[in-house]
Amino acid sequence: MASTFKTIEGTFDVLPGAAVAVHRVEAWQEVERGIRAVMHRFAFEEIRTPILEPTALIARGIGQLTDIVSKEMFSFERGRTSYVLRPEMTAPVVRAYLQHHLSQRPGAARLCYLGPCFRAERPQRGRYRQFHQFGAEILGVTDSRADAEIILVMMAIYEELGVTGTDLRINTLGDEHSRPRYRQALQAYLEQFKGDLSPISQERLARNPLRILDTKVANERELLQGAPKLPDYVDKHSRAHYEALKGWLDDANVRYTEDPFLVRGLDYYTRTAFELEHAKIGAQSALAGGGRYDLLASAIGSRHPVPAVGFAAGLERLFLALDAAGVTLPGRQPVDVWVVAMGPDAERQAFSLVQACRRAGLRTGSDWSGRSLKAQMRLANRAAASYVVILGERELSSGQVQIRQMRTGMQTAAPMNTIVTYLQSQQNASAIT
Ligand code: HAM
């Protein structure tokens, strides 16, 4: 039996004029424009890195024991090299920073990005195998104002696009010694209740106990109330950094909640960690997350440490939040002019007229399949054309064409050689929208 191919599970196409915004290309273009405008205003510069990266970069950068590296990588071998479809952009950005010696440029690197990422997760609402991240990273700055600015640019994007009801949670993870110490204490505490834990949490207890902090199971959440808290294991300098960050956020009137259980699912963080959530977008409620990662550059081979902080956000989840906020996004873009031609001579002249209109800056369409006048008018309607120019054999013999303003239905005859100027003047007078 013949079958056609479909997108693979956890991926989707983005089409012109689709009914749902997240599947509609015009909506993506508008949202991407909005994101880039805010990034630009915060003086971030765009970086584009390849989708393919060496597996070792991601494994060393994000951490072997993380879910992303141990279970969710799309990786494959070619010859003696192992490649991965990037699951995130921070490790690739740091790789590019080191590779191109961006530290030698004056000042900090303020880089932003937007592009597809890949994780072999179980697909569900808000969770895909190919998804899109936008984000920003500041490399080369230790000061807590950089942490604050990253949070500010992230918040500004949601605010300006019209998303309401976000919830910012922050925490400090301390230095490289704090987390192992905490991990041990948490493990010891949870061991006492091992029998009460779910099978998944029991498995995590030995391998990656910090992941249990994300549990949604009610009795586990209750058990965690009495568990050791990460802030009690944090070194003095990290604590001071955290206090300063909170001060900057207060100064900028950013509302946040402190969450001593927030640890994030990537191993590269030290000090600041944060997550932005939205209660109304389903089980996958994290819109964005990030933090400071002063040790990542060294983990992937840099001889000098590079202090850095950043955030990344899921574009598909931003669409869910826009929908929850009732924000309407643009649909198909109308054309200015649709040229309709009847008969071979008219079709020949129509071809030149279409190109002349485009040279004059008019968005112009036509259909070259020789359909009936009625069918061509229907296409003009579907393209939401402001004007239709009709070239019929009879009119052409007298050098005239018909122009119809679609909004009013008013139709007039005009000489062929004045059409472009006429339409242009209409556009300049904002008659063509
Ligand atoms: P992350 O929390 O793994 O952090 O991902 C950031 C965001 O990407 C999430 O909050 C979520 O919105 C989106 N996301 C992740 N996985 C999926 C998926 N399977 N489907 C849809 N959306 C998804 C990072 O990736 C870090 N690189 C963030 C960062 C930047 N830290 C420092 N700088």
Side-chain angles (χ1 to χ4, degrees), residues 35 38-39 42 44 46-47 49 58 61-63 66-68 86-94 97 108-115 117 119 131-159 163 166-174 179 210 213-214 230 238 241-242 244-246 248-249 252 254-259 261-278 284-297 299 306-315 317-318 321:
I35 293 168
V38 178
M39 295 286 198
F42 275 76
F44 283 94
E46 187 176 351
I47 180 168
T49 60
I58 301 298
I62 299 178
T66 58
D67 281 358
I68 297 179
R86 64 182 182 201
E88 59 103 54
M89 314 269 246
T90 307
V93 166
V94 177
Y97 177 88
R110 301 170 66 89
L111 301 170
C112 64
Y113 49 79
L114 191 161
C117 293
R119 293 184 193 177
F131 60 100
H132 295 75
Q133 274 193 351
F134 61 92
E137 316 284 347
I138 300 177
L139 300 112
V141 185
T142 319
D143 196 279
S144 55
R145 277 170 293 187
D147 309 42
E149 276 221 313
I150 284 292
I151 292 177
L152 287 179
V153 69
M154 174 181 80
M155 299 304 284
I157 289 171
Y158 290 95
E159 204 175 293
V163 172
T166 59
D167 175 21
L168 174 66
R169 291 180 299 123
I170 62 171
N171 193 18
T172 179
L173 308 181
R179 206 150 39 148
L210 297 183
L213 298 175
D214 295 335
L230 182 54
S238 299
H241 185 92
Y242 185 54
L245 166 63
K246 287 192 288 179
W248 300 124
L249 294 178
V254 174
R255 290 180 49 190
Y256 56 85
T257 317
E258 291 180 69
D259 179 354
F261 289 131
L262 175 71
V263 289
R264 310 258 313 125
L266 302 93
D267 277 355
Y268 50 58
Y269 295 111
T270 47
R271 299 195 168 175
T272 310
F274 57 85
E275 229 157 55
L276 189 68
E277 282 199 298
H278 197 291
Q284 299 305 312
S285 58
L287 287 174
R292 181 162 278 283
Y293 50 92
D294 294 344
L295 303 174
L296 174 55
V306 178
V309 58
F311 87 95
L315 252 163
R317 292 187 194 173
L318 167 58

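We use all heavy atoms of the structure for the numbers below, so side chains are in, but hydrogens, waters and symmetry mates are not.
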*Asks:* Are Thr166 and Met155 close enough that some pair of their side-chain heavy atoms sits under 4.5 Å apart?
*Replies:* yes

*Asks:* For the atom pair OG (Ser144) and NZ (Lys246), what is the distance rounded to the nearest 0.5 Å?
*Replies:* 12.0 Å

*Asks:* For the residue pair Ile151 and Leu249, establish whether any side-chain heavy-atom pair is separated by less than 4.5 Å.
*Replies:* yes

*Asks:* Please name the pair of heavy atoms, one in Phe274 and one in Gly291, separated by the smallest distance, quoted to 0.1 Å.
*Replies:* CE2-N, 3.4 Å

*Asks:* Scan side-chain atoms only and decide if Thr90 and Tyr293 contain a donor-acceptor pair under the 3.5 Å cut-off.
*Replies:* no

*Asks:* From Glu88 CD over to Cys117 SG, what is the distance, rounded to the nearest 0.5 angstrom?
*Replies:* 7.5 Å

*Asks:* Is Glu159 atom CD crowded by more than 12 heavy atoms from other residues, nucleotides or ligands, each under 6.0 Å away?
*Replies:* no

*Asks:* Would you name the heavy atoms of Ala286 and Glu277 that are closest together and state the gap between them?
*Replies:* CA-CG, 4.2 Å

*Asks:* Quick check: closest heavy atoms across Ala288 and Ala313, and the distance to 0.1 Å?
*Replies:* CB-CB, 3.5 Å

*Asks:* Could you point out which residue of Leu139, Thr142, Val141 forms a side chain to side chain contact (heavy atoms under 4.5 Å, CB included) with Pro307?
*Replies:* Thr142

*Asks:* Measuring from atom CG of Asp143 to atom CG of Leu245, what distance do you get when rounded to the nearest 0.5 angstrom?
*Replies:* 10.5 Å

*Asks:* Say you draw a straight line from CG of Leu213 to CG of Leu262; how long is it, rounded to the nearest 0.5 Å?
*Replies:* 9.5 Å

*Asks:* Show the nearest heavy-atom pair for residues Ala148 and Trp248, with the distance to one decimal.
*Replies:* CB-CB, 3.6 Å

*Asks:* From the options Ile138, Leu152, Ile150, select the one residue that forms a side chain to side chain contact (heavy atoms under 4.5 Å, CB included) with Phe42.
*Replies:* Leu152

*Asks:* Compare all side-chain heavy atoms of Arg317 with those of Phe131 and state whether any distance is below 4.5 angstrom.
*Replies:* no

*Asks:* So, do Ile170 and Thr272 sit near enough that their side-chain heavy atoms are less than 4.5 Å apart?
*Replies:* no

*Asks:* Under the ring-ring contact (aromatic ring centres under 6.0 Å, His included) test, which residues partner Tyr269, sequence neighbours left out?
*Replies:* none

*Asks:* Could you check whether the rings of Phe134 and Tyr158 sit parallel, tilted or perpendicular, using 30° and 60° as the cut-offs?
*Replies:* tilted

*Asks:* Is there side-chain contact between Val153 and Phe311, with at least one heavy-atom pair below 4.5 Å?
*Replies:* yes

*Asks:* Which heavy-atom pair separates Met39 from Cys112 by the least distance, and what is that distance?
*Replies:* SD-CB, 3.7 Å

*Asks:* For the residue pair Glu258 / Tyr242, report whether a side-chain donor-acceptor contact shorter than 3.5 Å exists.
*Replies:* yes

*Asks:* Could you tell me if the side chain of His278 sits less than 4.5 Å from the side chain of Ser285, heavy atoms only?
*Replies:* no

*Asks:* Search all heavy atoms of Ala136 against all heavy atoms of Phe44 and return the closest pair with its distance.
*Replies:* CB-CE2, 3.8 Å

*Asks:* State, with a plain yes or no, whether a side-chain heavy atom of Leu210 is found less than 4.5 Å away from one of Arg179.
*Replies:* yes

*Asks:* Keeping to residues at least two apart or across chains, list the salt bridge (charged side-chain N to carboxylate O under 4.0 Å, His left out) pairs with something in residues 262-271.
*Replies:* Arg264-Glu275

*Asks:* Please check this pair: side chain of Asn171 against backbone of Asp259, looking for a donor-acceptor N/O pair closer than 3.5 Å.
*Replies:* yes

*Asks:* As an exercise, state the distance from CD of Glu137 to CG of Leu296, rounded to the nearest 0.5 Å.
*Replies:* 9.0 Å

*Asks:* Check whether any side-chain N or O of Arg86 sits under 3.5 Å from a backbone N or O of Thr49 as a donor-acceptor pair, and report yes or no.
*Replies:* yes

*Asks:* I'd like to know if the side chain of Asp294 and the backbone of Val306 have a donor-acceptor N/O pair within less than 3.5 Å.
*Replies:* no

*Asks:* What's the separation between atom OH in Tyr268 and atom CD1 in Ile62, rounded to the nearest 0.5 Å?
*Replies:* 6.0 Å

*Asks:* Do Leu173 and Thr270 touch side chain to side chain, with heavy atoms closer than 4.5 Å?
*Replies:* no

